[in-house]
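What follows is one structure encoded as structure tokens, with my remarks underneath.
What's counted below: heavy atoms across the whole structure, side chains too, no hydrogens, waters or symmetry copies.
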Amino acid sequence: GAQPCSPKYFGRDAIVCVCNATYCDTLDPVVLPALGTYIKYESSKAGKRLERSEGSFQRSLRAPDLVLTVDTTQQYQKVKGFGGSVTDAAALNILSLPETAQDRLLRSYFSEEGLEYNLVRLPMASCDFSLYAYTYDDVPFDYELTHFSLRDEDTKLK
């Protein structure tokens, strides 16, 4: 079953869930709910971390709050997946952890008991979360890319 967040507080309502070599919060595998029902995952400053609840859709509900109308006949876009970014800074932080903590952290993102990410964005060359600015080919007018080369940050970190 799911394991709850082990909170660490930073004052002023700032909270993170601790993930280390011995503990990391997990989720139960996500399954599609029955027709007419939904599953909601809620996070909050008050300490909720992907807290799961269930409910059912009601037709013509008269309520003073926001009413959401879903038109299932209209489809505007497809969701390809969910994920995050692995920048130089993210890679350095992940690699600074003990191997067991690295494994737990990556499982919390990519496994069934985690968020089940299926997409990762990698910056090309440096970005605002790099230790320094770099490109793959700093030679002007090198249209053939004869001077193109990856950096250690790309081959050893990301």
Side-chain angles (χ1 to χ4, degrees), residues 1-33 38-55 66 68 70 72 74-158:
Q3 295 186 49
C5 171
S6 174
K8 181 172 184 178
Y9 298 93
F10 289 91
R12 296 183 50 161
D13 297 330
I15 180 178
V16 297
C17 295
V18 174
C19 181
N20 57 34
T22 59
Y23 184 87
C24 205
D25 58 338
T26 59
L27 301 172
D28 287 329
V30 177
V31 294
L32 289 176
Y38 63 88
I39 299 171
K40 176 178 76 173
Y41 291 91
E42 184 179 359
S43 297
S44 71
K45 283 186 176 182
K48 289 184 180 180
R49 163 84 160 99
L50 297 171
E51 189 174 292
R52 185 180 191 274
S53 63
E54 300 176 9
L66 174 70
L68 175 65
V70 179
T72 58
Q74 287 287 341
Q75 189 173 7
Y76 296 99
Q77 62 208 15
K78 291 184 178 182
V79 175
K80 191 172 235 175
F82 294 92
S85 179
V86 178
T87 61
D88 296 2
L92 284 167
N93 283 312
I94 293 168
L95 291 172
S96 73
L97 298 170
E99 233 178 277
T100 52
Q102 288 179 35
D103 184 61
R104 284 187 180 275
L105 177 65
L106 294 174
R107 285 181 180 281
S108 76
Y109 286 118
F110 297 102
S111 72
E112 279 188 357
E113 66 268 6
L115 297 172
E116 295 188 70
Y117 278 4
N118 61 345
L119 295 173
V120 173
R121 180 179 62 85
L122 293 172
M124 294 181 67
S126 67
C127 70
D128 51 346
F129 292 104
S130 297
L131 295 175
Y132 59 93
Y134 63 92
T135 69
Y136 294 141
D137 189 345
D138 289 326
V139 177
F141 309 109
D142 184 12
Y143 300 117
E144 302 299 318
L145 298 176
T146 55
H147 298 281
F148 178 93
S149 66
L150 296 175
R151 299 289 183 108
D152 283 345
E153 288 76 8
D154 301 297
T155 58
K156 294 180 181 171
L157 296 180
K158 295 182 277 195

Is atom [atom1] of [X] surrounded by more than 12 heavy atoms (other residues, nucleotides or ligands) closer than 6.0 Å?
X      : atom1 : answer
Phe110 : CZ    : yes
Glu99  : CD    : no
Leu32  : CG    : no

Heavy-atom pair with the smallest gap, counting every atom of [X] and [Y]:
X      : Y      : result
Tyr134 : Ala125 : O-CB, 3.3 Å
Ile94  : Gln102 : O-CG, 3.0 Å
Leu122 : Val86  : CD2-O, 3.4 Å
Ser96  : Asn93  : OG-O, 2.7 Å
Arg104 : Ala21  : NE-O, 3.1 Å

Answer whether the closest heavy-atom distance between the side chains of Leu150 and Tyr136 falls below 4.5 Å.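 Of all side-chain heavy-atom pairs linking Tyr136 with Leu150, at least one is under 4.5 Å.
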Is Leu115 close to Phe82 at the side-chain level, that is, under 4.5 Å between some pair of heavy atoms?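 Not in contact.
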Steps toward side-chain contact (heavy atoms from CB on, under 4.5 Å) verdict (Asp154, Arg151): CA-CA 5 Å; Asp154 301 297; Arg151 299 289 183 108; 3.7 Å; yes
Donor-acceptor check, side chain of Ser126 to backbone of Ala133, threshold 3.5 angstrom: yes or no?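 Checking the backbone N and O of Ala133 against the side chain of Ser126, no donor-acceptor pair under 3.5 Å is found.
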Could you walk me through whether Glu113 and Ser111 pass side chain to side chain donor-acceptor pair (under 3.5 Å), step by step? CA-CA 5 Å; Glu113 66 268 6; Ser111 72; 3.2 Å; yes
Show, in sequence, the C-alpha distance, side-chain angles and deciding distance for Leu50 and Asp25, and conclude whether the side-chain contact (heavy atoms from CB on, under 4.5 Å) test is met. CA-CA 10 Å; Leu50 297 171; Asp25 58 338; 5.9 Å; no
